Amino acid sequence: VASEPGRPHVTQSEKYTAAAYLVVFLGVLVYVVIIGSKLQRLQREVEQLVALVKEKRTDG
Amino acid sequence: VSIHLKLPVLAAACTGLFGLAIGLALFYAPEDADQGLSQRIFYFHVPLALTAYACFGWGAWKALKYLRTRDERADLESYVAIHQGVIFGALTLLTGSIWARVSWGVWWSWGEDELVLFLVLFLFYCAYFMLRFSVDAGPARANMSAVYALFGVVLIPVSFLAIRLSKQFIHPVVFKLNGPQMTGSQFFTFCVCLAAMLTLFATLYAIELAGKRLDRSLRELKELLTG
């Protein structure tokens, strides 16, 4: 199939190679997002514990 | 303390090696005469598979350490390594499937021993999580997980050798007894890509392990404060 004038022709081989590299990149990116959300949860838990310790100190 | 010191170094090494690996794979390594551009998938696909094997092997080693010492840290390390192995294994299957589509015209071939055995290995370790999370946390769960991880490691040499024992030979054999079947520049690129992938595993392993340990410490602290 001829490419449109002015648009670079991308072969099937180029498309699949780019897709394979993109899969690896996206895989790592998804992992980073999951780890990031877990870190946020841990941060919230630390804040809760700090509040709990402060509350106990004021009570005591 | 060691993780805090190692992690930035690992992350920096991983970033540098990945930049170099992508540059070499796309611009330095010569184009394959037979497969053309799609052969460049090899530089990520094979290191991903070898890293998955390394993860499962590391997980089994830590499982053995747990069974010998009953140290809870070894159980956690084994779990994290197997988790990483499943991630690298999934990426191996995805990139392999894309490469198969462009090279053989199919997404998957059930007749290929190498592919099927890698899938069996991957599914075996996926089942590890089902087993682990079906039992309450404690020594029983750690024992079962460790024994399962050790059984799984037997599949690694079978999966690796399957390609050499297979009679069909659609899947290429690159590493033979007389050396790698590629040019010096291709082999150098492959080695850099493998180093980058192994460093990525080491970095993600350290991050996940630090997170899990922090989570465990926080739970203990919460119990101490509320109990």
Side-chain angles (χ1 to χ4, degrees), chain A, chain B residues 11 14 18 21-22 25-26 31-32 35-45 47-48 51 83-84 87-103 105 107 193 196-197 200-201 203-204 207-208 210-226:
Chain A
V1 181
S3 60
E4 289 176 36
R7 288 184 72 180
H9 177 67
V10 182
T11 63
Q12 285 291 96
S13 183
E14 286 168 343
K15 279 181 189 171
Y16 283 115
T17 307
Y21 276 69
L22 204 64
V23 159
V24 179
F25 175 72
L26 285 175
V28 176
L29 198 69
V30 167
Y31 184 85
V32 170
V33 169
I34 292 167
I35 289 291
S37 65
K38 278 185 179 177
L39 278 175
Q40 276 188 327
R41 179 178 61 81
L42 289 174
Q43 197 180 356
R44 277 198 302 272
E45 283 184 19
V46 169
E47 283 166 4
Q48 283 171 0
L49 286 174
V50 169
L52 193 70
V53 170
K54 280 180 180 172
E55 195 180 304
K56 283 201 169 190
R57 277 194 175 180
T58 50
D59 289 347
Chain B
C14 181
F18 250 90
I22 292 168
L26 294 178
E31 196 155 304
D32 186 75
Q35 294 191 48
L37 186 80
S38 65
Q39 185 269 340
R40 291 178 198 274
I41 296 172
F42 161 83
Y43 297 112
F44 272 29
H45 171 69
L48 277 169
T51 307
H83 186 228
Q84 296 291 324
I87 294 169
F88 281 99
L91 290 175
T92 304
L93 288 169
L94 283 169
T95 53
S97 190
I98 293 168
W99 197 9
R101 180 72 183 85
V102 69
S103 293
W107 292 103
C193 290
M197 213 57 83
L200 178 68
F201 158 56
T203 310
L204 298 182
I207 290 172
E208 191 170 335
K212 296 275 181 209
R213 283 176 178 157
L214 184 63
D215 194 22
R216 186 173 283 188
S217 301
L218 275 174
R219 276 184 200 173
E220 282 175 11
L221 187 62
K222 206 171 188 177
E223 279 172 17
L224 286 170
L225 284 167
T226 54

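A, B, ... follow the sequence lines: proteins, then strands. Residue 1 opens every chain. These numbers were taken from a predicted model, which means no experiment stands behind them.
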State whether the side chain of A:Ser13 and the backbone N or O of B:Ser38 hold a donor-acceptor pair below 3.5 Å, judged by distance alone. yes
A:Gln48 CD to B:Leu218 CG distance, which is reported to the nearest 0.5 Å: 10.0 Å
Does A:Arg41 come within less than 4.0 Å of B:Asp215, counting only side-chain N to carboxylate O? yes
Any idea which of B:Leu94, B:Thr226, B:Leu225, B:Thr95 has the most non-hydrogen atom pairs under 4.5 angstrom with chain A? B:Leu225
According to salt bridge (Lys or Arg N to Asp or Glu O under 4.0 Å), who are the partners of B:Arg40, at least two apart in sequence or on a separate chain? B:Glu31
Value for CG (A:Leu49) from CZ (B:Arg219), rounded to nearest 0.5 Å, stands at 12.5 Å
Would you say that B:Arg101 contacts A:Gln12 through its side chain, given a criterion of any heavy-atom pair below 4.5 Å between the two side chains? no
Can you say whether B:Leu200 sits under 4.5 Å from chain A via the side chain, the backbone, both, or neither, judging by heavy atoms? side chain
Proximal component of A:Leu42, with respect to chain B [non-hydrogen, under 4.5 Å]: both
If I take atom CD from residue A:Glu45 and atom CG from residue B:Leu214, how far apart are they, to the nearest 0.5 angstrom? 9.0 Å
Given a strict heavy-atom distance threshold of 4.5 Å, which part of B:Gln39 is in contact with chain A: side chain, backbone, both, or neither? neither
Just checking heavy atoms, which of residues 16-24 of chain A are less than 4.5 Å from chain B? A:Tyr16, A:Thr17, A:Ala19, A:Ala20, A:Tyr21, A:Val23, A:Val24
Got a second to check how far A:Tyr31's OH is from B:Phe88's CZ, nearest 0.5 Å? 9.0 Å
